[in-house]
Amino acid sequence: MRLEPFTPTQLLLGIDVPELPEVETIARGLANAITGKTIESATVLRPVVYPEPVRFGKEIVGERIAAVGRRGKFVVLSLGSGRRLVVHLRMTGRLIVQRAEATDSEPYTNVVLGFRDRTRLCFADVRRFGRMRLVEPEEEWASDVGLEPLSRAFSFERFSSLLDGRPTPIKVFLLDQRRIAGLGNIYACEALWDARIRPSRPAGTLSKPARKRLHISIQSVLRRAIELRGTSIDDYVDAQGRRGGFQNVLSVYGRDGGACTRCKSPIKRTVLAQRGTWWCRTCQKH
DNA sequence: AGGCGTACCTGAGGGC
DNA sequence: TGCCCTCAGGTACGCC
């Protein structure tokens, strides 16, 4: 994926194929850029919102952005009324803050929220998979979203019990957002390499030491990726003009044929659950 | 219930 | 040059 260069008047907060570290980076950037602002206008250009566009617009105008956070791969904008605007970027979604005088609007824009101070938030998405949903204060929108892997709730015991009895390949398990929320293809592959575990290994058959390593690896890979502000496969920069940095330290993802940094064997690409899977056959034996 | 296959969507890149 | 074709990815949905 490659996108048009953007003007200096735009603050780019989107990164390709957002997983937990990218969504966290986007949410932090948004928190800085729009917390406290009041929505003055809403333009829905594509029907990727809930409720339907007309009602969505009516409901959201006048709301103030009280806070911006993340849950799994969802960006969560908490609004003054207690409602929340929940955004999933899926594959190519981007949340971009622009100044109103920016002449070029973001390409592939779905929704524009205009603020009283004449800045605006654009929700753009080339592939139109992303969704934006207004959630009522009492509404339980995240009941299907699994454990936050960087929270205290993600204890070894909880993690291990989720694996028990599961015949599904461990990599497929890691991608299941109902169990653990936030891992996508990149960080699932990276965590398994770090823990020296074969991606096709049935989840429930992992030994206790392997489970311990994976529990640590999931957290350390995600923490490091957040520190590096995510993975930019293409030439993106963030709100401060900086690229994500994790693409420079990938161990396996997308490195088909490259040398394993641990054992020098070639990295292999296979397919699991219709997903590209990169791993080292020599050192991922557990 | 859980696991699997497919649809969704579009640009990039390869083959001829 | 340009036209096909395939691929990539996360999630929802229908099916067994």
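All heavy atoms count here, side chains included; hydrogens, waters and symmetry mates do not. Below, chains carry the letters A, B, ... as their sequence lines are ordered, and counting in each starts from 1.
- With sequence neighbours left out, A:D144 forms a side chain to side chain donor-acceptor pair (under 3.5 Å) with no residue at all.
- Listed by residue number, the members of residues 157-167 of chain A with any heavy atom below 4.0 angstrom from DNA chain B are A:R166, A:P167.
- A:L121 is not listed as a side-chain neighbour of A:V112, based on a closest heavy-atom distance of 4.5 Å or more.
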Per-nucleotide protein contact string for nucleotides 4-10 of chain B (B base, S sugar-phosphate only, - none; heavy atom under 4.0 Å): -SB-BBB
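- Partner of A:R46 under the side-chain hydrogen bond (donor to acceptor under 3.5 Å, both in side chains) criterion, chosen from A:N110, A:T109, A:D125: A:N110.
- Residues that satisfy the side chain to side chain donor-acceptor pair (under 3.5 Å) test with A:R70, not counting sequence neighbours, are A:E24, A:E148.
- Contacts of A:R196 classified as side chain to side chain donor-acceptor pair (under 3.5 Å), with partners at least two apart in sequence or in another chain: none.
- Rounded to whole angstrom, the span from the CD atom of A:Q177 across to the P atom of B:dG2 amounts to 16 Å.
- Considering all non-hydrogen atoms of both residues, A:L20 and A:A181 come closest at CD1-O, 3.7 Å.
- You can see that DNA chain C meets the heavy atoms of chain A within a 4.0 Å-exclusive cut from C:dA8 to C:dA12, reading 5' to 3'.
- Relative orientation of the A:F74 and A:H88 rings is perpendicular, given thresholds of 30° and 60° on the angle between their planes.
- Expressed to the nearest 0.5 Å, how far CD1 of A:I170 lies from CD1 of A:I197 amounts to 6.5 Å.
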Please lay out, stage by stage, how A:R224 and A:E190 fare under the test salt bridge (Lys or Arg N to Asp or Glu O under 4.0 Å). CA-CA 11 Å; A:R224 183 154 188 227; A:E190 294 295 310; over 6 Å; no
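- Donor-acceptor pairing under 3.5 Å is recorded for the side chains of A:R201 and A:T205.
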